[in-house]
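These notes concern the structure reproduced below.
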Amino acid sequence: MGLDVFKAEVEKLLGYKLQPVRAYAFDRNIDDFGWVTGEDGKHHFTLFIENGRVQDEPGKDFKTGMSEIAKVHKGTFRLTANQHLIITDVATGDLPLIKGLLAQYKLDNLSQSGLRLASSACVAFPTCGELLCYFSDAIVYTPR
């Protein structure tokens with residue numbers, strides 16, 4: 001199946017024609033951490049999850065903290081392509097509670113270096129066929 005056939009099938013399922021192709025360039029692939037407010041007035045917090053691991057460690061009760069937030073949060077959680085988490089759709093009235101839990105469990109710590117914030121885990125060979133998977137060892141070499 002070529003691209004034209006695939007596009008025709010998608011358009012058939014949609015019931016309308018897709019717009020013409022437009023130029024687009026990805027100029028970055030990092031997450032914007034911290035709080036933002038959407039056009040609808042809801043608040044969203046992008047949370048740094050080191051190497052995509054939500055776990056409790058000595059002095060870092062991240063898994064427990066996420067569990068406590070999940071018990072009271074009325075919005076949703078979204079995973080980013082960079083293995084981080086966005087706590088979405090937080091109403092203004094719920095901000096103090098969510099911010100308090102983030103602080104209590106040290107989940108609001110965004111003072112990491114740019115290198116640490118941009119780091120991620122890789123499943124490596126043979127699961128991932130990417131040429132750059134040898135960077136999976138970066139977890140060993142990333143400074144603490």
Side-chain angles (χ1 to χ4, degrees), residues 1 3 6-7 9-144:
M1 173 187 300
L3 181 58
F6 179 78
K7 181 180 174 190
E9 286 296 316
V10 169
E11 290 174 337
K12 185 170 112 181
L13 291 169
L14 288 172
Y16 59 86
K17 295 276 185 193
L18 295 172
Q19 294 181 8
V21 174
R22 295 178 288 181
Y24 184 83
F26 286 99
D27 58 357
R28 51 190 237 133
N29 66 349
I30 59 171
D31 293 328
D32 293 317
F33 297 96
W35 286 101
V36 296
T37 303
E39 293 179 8
D40 61 356
K42 299 270 178 107
H43 307 278
H44 318 282
F45 184 78
T46 303
L47 174 69
F48 173 67
I49 303 290
E50 188 167 4
N51 295 307
R53 294 181 180 143
V54 178
Q55 61 187 15
D56 287 343
E57 296 178 4
K60 298 177 182 178
D61 295 328
F62 295 160
K63 186 174 180 180
T64 300
M66 289 307 308
S67 178
E68 293 302 312
I69 291 171
K71 289 177 185 176
V72 298
H73 182 46
K74 299 174 187 118
T76 58
F77 295 91
R78 296 177 188 236
L79 296 174
T80 74
N82 292 324
Q83 305 174 346
H84 301 293
L85 186 72
I86 306 174
I87 302 171
T88 67
D89 302 317
V90 179
T92 301
D94 295 333
L95 270 175
L97 175 61
I98 300 298
K99 284 184 176 182
L101 288 169
L102 287 168
Q104 178 181 344
Y105 291 99
K106 301 176 186 160
L107 292 165
D108 61 349
N109 182 6
L110 301 178
S111 62
Q112 308 287 344
S113 69
L115 176 64
R116 170 117 7 246
L117 291 174
S119 66
S120 65
C122 175
V123 296
F125 291 117
T127 306
C128 176
E130 292 292 323
L131 177 63
L132 299 178
C133 273
Y134 64 89
F135 284 120
S136 65
D137 289 334
I139 187 172
V140 175
Y141 300 109
T142 304
R144 294 263 171 216

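None of the values given here were measured: they were computed from a predicted structure.
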Query - side-chain contact (heavy atoms from CB on, under 4.5 Å) evaluation trace for Asn109 with Phe48 - result: CA-CA 8 Å; Asn109 182 6; Phe48 173 67; over 6 Å; no
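A donor-acceptor pair is defined here as one N or O able to donate and one able to accept, closer than 3.5 Å; no such pair exists between the side chain of His73 and the backbone of Asp94. At least one donor-acceptor pair under 3.5 Å links the side chain of Asp56 to the backbone N or O of Thr64. Side chain of Thr46 to main chain of Asp32: a donor-acceptor pair is present (N/O by atom type, distance under 3.5 Å, no hydrogens or angles).
Sorted by first and then second residue, the ring-ring contact (aromatic ring centres under 6.0 Å, His included) pairs with a member in residues 86-112 form an empty list; sequence neighbours excluded. Applying the salt bridge (charged side-chain N to carboxylate O under 4.0 Å, His left out) rule to pairs touching residues 77-91 yields nothing, sequence neighbours excluded.
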Would you give me the side-chain donor-acceptor pairs under 3.5 Å for residues 9-19, sequence neighbours excluded?
| residue | atom | partner | partner atom | Å |
| --- | --- | --- | --- | --- |
| Glu11 | OE2 | Leu18 | N | 2.9 |

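Nearest heavy atoms, Leu85 versus Met66: CD2-CE, 3.0 Å. In terms of heavy-atom proximity, His84 sits nearest to Ile49 at ND1-N, 3.1 Å. Contact between His44 and Asp40 at its shortest, heavy atoms only, is NE2-OD1, 4.5 Å.
How far CD1 of Ile87 is from CD1 of Ile98: 6.5 Å, rounded to the nearest 0.5 Å. Going from atom OG1 of Thr88 over to atom NE2 of His43 covers 12.5 Å, rounded to the nearest 0.5 Å. Rounding to the nearest 0.5 angstrom, the gap separating the NZ atom in Lys60 from the CD atom in Gln55 is 9.5 Å. Of the inter-residue distances, the one linking Ile69 atom CD1 with Lys71 atom NZ reads 11.5 Å to the nearest 0.5 angstrom.
Using cut-offs of 30° and 60° on the angle between ring planes, the pair Phe45 and Trp35 is tilted.
The closest side-chain heavy-atom distance from Val90 to Leu97 is not below 4.5 Å.
Tested against Thr80 for a side chain to side chain contact (heavy atoms under 4.5 Å, CB included), the candidates Ile30, Asp31, Leu47 yield a single pass: Asp31.
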